[in-house]
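Right, one structure below, let's go through it.
Worth knowing before you read on, the calculation uses all heavy atoms, side chains too, and leaves out hydrogens, waters and symmetry mates. Whatever order the structure lists them in is the order used to number ligands and atoms, beginning at 1.
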Amino acid sequence: MPSPPEIRVLKDADELFEAAAAEFAAQTSEAVRSRGRFTVALSGGSTPKRLYSLLATKPAIPWDKIGFFWGDERHVPPDHADSNYRMANEALLSKVSVRPENVFRIHAEEKNANDTARKYEQTLQEFFRLSPGQFPGFDLILLGLGPDGHCASLFPDTSALNERRRLVVANWVEKFKTDRITFTFPVLNQASCVTFLASGPDKAAILHQVLEDSSADLPSQHVRPINGRLLWLVDRAAASNLSGGMTTLP
Ligand code: 6PG
């Protein structure tokens, strides 16, 4: 049975990102100590940028032992303003001693998004030495929360929501008239830890729905790691609509 979510409410955005950085550092040192490496799938969007910038000020983290992946990507080249890779590279990876061979970006510059998704699946299968039907066990997957309840690029009413065999797919998002390349739920739910970050009053309504409205059927509600932690790090503004029953308040 998936363990119940841990919901930590921090006083404000500063404390939220400090807590997220501390969690990242603790998980990294534990994984490197016990397994010699740490594997993380980064999130895109605007919220994690402050975490990445903060982590870039943490030289003690064993950056050379970390494998970097992305949970999703926009169908754009790596130098495009919308590129999740570009954001993480500018805020973090270009500033710390990561090994270039340990950075596995999604090659979304390719014209055919399906090809991009298949190639990234292959990258995961080779890196994690997966047999057919197996899913990669990331140490940590970072996620944001979209205003419609999406996470990664698993948007409501899209085909990727029902994918149970593939690791990565191209997912057509009608409202943006574009494909996104995204991890599927089986990959998200195989992780040792999935951490959602949500900050600010704009997230209050959707956070309440995701965490406290069991009648809703939102993509983020389907993230329940099978043998891992589900950690929500949110600030008070984002938590302002929560009843408080499930949260650890500051
Ligand atoms: C992306 C993300 C997406 C994001 C949410 C929240 O590529 O956009 O992976 O899932 O996390 O849309 O975005 P904000 O953090 O900007 O609110």
Side-chain angles (χ1 to χ4, degrees), residues 10 12-13 16-17 20-21 24 40-55 68-92 104-109 113 116-117 120 138 140-158 160-161 163 167-185 187-189 191 194-211 218-223 230-235 237-241:
L10 290 308
D12 55 27
L16 165 61
F17 293 110
F24 185 100
V40 59
L42 301 177
S43 173
S46 57
T47 304
K49 190 171 181 179
R50 275 189 66 182
L51 168 61
Y52 302 159
S53 303
L54 184 57
L55 286 172
F68 290 94
F69 298 79
W70 277 258
D72 74 320
E73 186 56 282
R74 291 86 180 273
H75 196 196
V76 294
D79 57 357
H80 190 284
D82 294 346
S83 164
N84 288 340
Y85 164 76
R86 177 178 165 180
M87 184 272 280
N89 188 47
E90 288 176 353
L92 173 61
F104 302 91
R105 72 177 179 82
I106 297 174
H107 289 254
E109 64 269 32
T116 302
Y120 206 55
F138 279 93
L140 174 63
I141 296 180
L142 291 172
L143 294 175
L145 174 62
D148 56 3
H150 79 262
C151 57
S153 281
L154 296 164
F155 287 82
D157 309 317
T158 59
L161 297 178
E163 182 57 56
L167 283 57
V168 184
V169 292
N171 193 28
W172 178 257
V173 184
E174 182 59 28
K175 65 178 176 183
F176 299 142
K177 297 264 182 275
T178 185
D179 272 308
R180 290 279 191 98
I181 297 97
T182 185
F183 280 1
T184 58
F185 283 124
V187 173
L188 298 180
N189 290 330
V194 175
T195 297
F196 277 92
L197 302 174
S199 174
D202 298 355
K203 296 293 165 89
I206 191 64
L207 188 64
H208 160 68
Q209 263 204 294
V210 169
L211 294 179
L218 299 165
S220 295
Q221 291 176 313
H222 293 270
V223 180
L230 174 57
L231 175 61
W232 285 84
L233 294 176
V234 305
D235 59 22
S240 54
N241 287 12

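In summary, the atoms of ligand 1 found under 4.0 Å from a heavy atom of Asp72, numbered by their order in the structure, are 1 (C), 2 (C), 7 (O), 9 (O). Distances below 4.0 Å separate heavy atoms of Arg74 from the following atoms of ligand 1: 1 (C), 7 (O), 8 (O). Which parts of ligand 1 touch Arg180 is read off a 4.0 Å heavy-atom cut-off, strictly below it: atoms 1 (C), 7 (O), 8 (O).
For the ligand labelled ligand 1, residue Lys203 lies inside the 4.0 Å heavy-atom shell.
In this structure, atom 15 (O) of ligand 1 lies nearest to the protein heavy atom Thr47 OG1, 2.5 Å. The protein non-hydrogen atom at the shortest distance from atom 5 (C) of ligand 1 is His150 NE2, 3.4 Å. Taking atom 11 (O) of ligand 1 as the reference point, the nearest protein heavy-atom neighbour is Gly144 CA, 3.4 Å.
A cation-pi contact, defined as under 6.0 Å to the ring centre and within 45° of the axis, links Arg105 to Tyr85.
In this structure, Phe69 has its ring center at least 6.0 angstrom away from the ring center of Phe183.
Side-chain contact between Leu218 and Ile206 is present, with heavy atoms from C-beta onward closer than 4.5 Å. Within the 4.5 Å cutoff, side-chain heavy atoms of Pro48 are placed close to those of Met87.
Under 4.0 angstrom from ligand 1, the non-hydrogen atoms of Ser46 come from both its backbone and its side chain.
Checked by atom type and distance alone, the side chain of Asp235 never pairs as donor or acceptor with a backbone atom of Leu10 at under 3.5 Å.
Residue nearest to atom 6 (C) of ligand 1, selected from Asp82, Leu142, Leu145: Leu145 (by heavy-atom distance). Considering only non-hydrogen atoms, atom 3 (C) of ligand 1 lies nearest to Ala152 out of Ala152, Ser83, Gly45.
Screening Thr178, Asp179, Asn84 against Arg74 for a side chain to side chain donor-acceptor pair (under 3.5 Å) leaves a single residue, Asn84.
The two residues Phe155 and Lys175 have their closest heavy-atom pair at CD2-CE, 3.9 Å.
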